[in-house]
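Below, read A as the first sequence line, B as the second, and so on, with proteins coming before strands; counting in each chain starts at 1. Quantities reported herein were computed from a predicted structural model and do not represent experimental measurements.
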Number of protein chains: 2
Amino acid sequence: MSENVVQRLRDEIENGIISNDFAPGARLDEVQLATRFGVSRTPVREALMQLNAIGLVEIRPRRGAVVIDPGPHRIFEMFEVMAELEGLAGSLAARRFTDADRTTILAAHADCERSSSAGNSDAYYYDNERFHKAIYAASHSGFLAEQCVALHRRLQPYRRLQLRVRNRVATSFAEHGAIVEAILAGDAEQARTLLRQHVSIQGERFSDLVATLASR
Amino acid sequence: MSENVVQRLRDEIENGIISNDFAPGARLDEVQLATRFGVSRTPVREALMQLNAIGLVEIRPRRGAVVIDPGPHRIFEMFEVMAELEGLAGSLAARRFTDADRTTILAAHADCERSSSAGNSDAYYYDNERFHKAIYAASHSGFLAEQCVALHRRLQPYRRLQLRVRNRVATSFAEHGAIVEAILAGDAEQARTLLRQHVSIQGERFSDLVATLASR
DNA sequence: GTCAACGTTCTTGCATACAAGATTTATCAT
DNA sequence: ATGATAAATCTTGTATGCAAGAACGTTGAC
């Protein structure tokens, strides 16, 4: 059994939201969730409270919990912040990376190359995630890494949509190459700039996102 | 009556932690809190769950909740991230501020001037907060503003300690002047740089913080 | 036929109850 | 006297129960 039921429920519901199993705007009925997971309402409520605090669900008094629907504009704002934090992580990584960090980054980068050239966008998604986490770790800022992972997770569904856009995987991998180069060269400002551009969704990429969102 | 009990408890306990009423490392007993606030354990637990999700308390399975104690190093990391986000807010504000934003920023700045020249560090603390919030608002990024406010709140006790350092109020206000100038001139990069420096606690300021923390 | 008012039903919010793990204390052996 | 083991106590984790507010349907009037 898991550590405790609440934690498990929290993860299950969170995954359900992220994997679009619970669509934005959907009502999260307490008894329904309780029976579905074979527990009572109490732990369900506590899990929902946590998701509320994180900002994934909204709890309207006496009217239940619903999955928050961040519109395109807010998603853009979230990517904007994410780009900034990733830029910071990159600049810190360029200054602080150890031999172990270099190994991890290069290994993740190599895996990205494999899945990219294989044209496997799902595999690339996971390797890409490892690549970015390697940079967070190399920043040697625990708090920053946590913030980045949390935001990364929240943006997961939209990130995934983006990779479906034609040529995005190849472009992404090419950007990774330049980023690795800048970090390992210890060029903090270059790493920051490249990562910021890599993550932010300016211009066409934003239009693509909106279009993809609308077609769901 | 209040909206709901859980929200009230969450705020009360959160304020207690921030105001150092519940010291870092202190154990938060459920029945104790319940009797203290005149409610049952259930809403107390739900409030603690939310604080756990935010990162203010740690819940060890079967062993209760304790107030998280971020050591000096982690506090430094949090200021580092805060500096980055404030820098982003400043750069966006420089590009996007409206007439109303200008008015609000200048008003807050004028209030800072009053409390600064009066040597009232407590009043300055509040005016400073308003000043920064005015910049968040001028960034016209709701998500960024929320993130900034949340971090600002978590760093509140340490910020306050900093203002006690000799001359910090005067220095802070001088920095505000340059920041206002950069934003209103529409100089995004300058606003970003100045705000980043204004918020981050490099060199001596970090030593001061550690020393002050140790002396509590 | 449509709209509104009322009553029923359903859902949430909080309290209480009960079970299981953790902690503390007491007793016994060395 | 000190250490360990076992029992008592306390605390957390989950279930259930009850009350109050919201959603929904029905009935009646116009």
Main-chain N/O of A/Ile18 paired with A/Arg153 side-chain donor or acceptor, under 3.5 Å: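 It does not hold such a pair.
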Is any NZ, NE, NH1 or NH2 atom of the basic residue among [X] and [Y] found under 4.0 Å from an Asp or Glu carboxylate oxygen of the other?
X	Y	result
B/Asp208	B/Arg205	no
A/Asp11	A/Arg8	no
B/Glu84	A/Arg192	yes

Could I get a table of every N or O pair under 3.5 Å where one atom is in the protein and the other is in nucleotides 22-25 of chain D?
{"unit_1": "D/dA23", "atom_1": "OP1", "unit_2": "A/Arg63", "atom_2": "NE", "d": "2.6"}
{"unit_1": "D/dA23", "atom_1": "OP1", "unit_2": "A/Arg63", "atom_2": "NH2", "d": "3.1"}

Residue pairs passing the salt bridge (Lys or Arg N to Asp or Glu O under 4.0 Å) test where at least one lies in residues 51-76 of chain B, sequence neighbours excluded: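 Non-adjacent pairs meeting salt bridge (Lys or Arg N to Asp or Glu O under 4.0 Å): A/Glu146-B/Arg74.
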Within residues 37-58 of chain B, residues whose heavy atoms come under 4.0 Å of DNA chain C: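 Per residue number, the list reads B/Val39, B/Ser40, B/Arg41, B/Thr42, B/Pro43.
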Which of residues 25-35 of chain A sit near DNA chain C, with a heavy atom under 4.0 Å from it?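 Hits under 4.0 Å, by residue number: A/Arg27, A/Asp29, A/Glu30.
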Take atom CG of A/Leu9 and atom C1' of D/dA15, then tell me their distance rounded to the nearest Å.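 Spelled out: CG on A/Leu9 to C1' on D/dA15 is 14 Å.
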Take the protein atom CD of A/Gln7 and the nucleotide atom C1' of D/dG13, then report the distance between them rounded to whole Å.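 To the nearest whole Å, that distance equals 13 Å.
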How would you list all residue pairs meeting ring-ring contact (aromatic ring centres under 6.0 Å, His included) that involve residues 54-109 of chain B, not counting sequence neighbours?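 Residue pairs with at least one partner in residues 54-109 of chain B: B/Phe76-B/Phe206, B/His109-B/Phe131, B/His109-B/Phe173.
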Using every non-hydrogen atom in the two residues, find where B/Leu9 and B/Ala47 come nearest and quote the distance to one decimal.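 Result for this residue pair: CB-CB, 3.8 Å.
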Apply the test side chain to side chain donor-acceptor pair (under 3.5 Å) to residues B/Glu129 and B/His152: give CA-CA distance (whole Å), side-chain angles for both, the deciding distance (0.1 Å), then the verdict. CA-CA 9 Å; B/Glu129 187 171 353; B/His152 195 108; 4.8 Å; no
With sequence neighbours excluded, what pairs up with A/Arg96 under the side chain to side chain contact (heavy atoms under 4.5 Å, CB included) test?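 Applying side chain to side chain contact (heavy atoms under 4.5 Å, CB included) to A/Arg96 gives A/Leu92, A/His140, A/Ser141, B/Glu80.
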So which of A/Ser115, A/Ser116, A/Ser172 actually passes side chain to side chain donor-acceptor pair (under 3.5 Å) with A/Tyr124?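 Among the candidates, only A/Ser172 passes.
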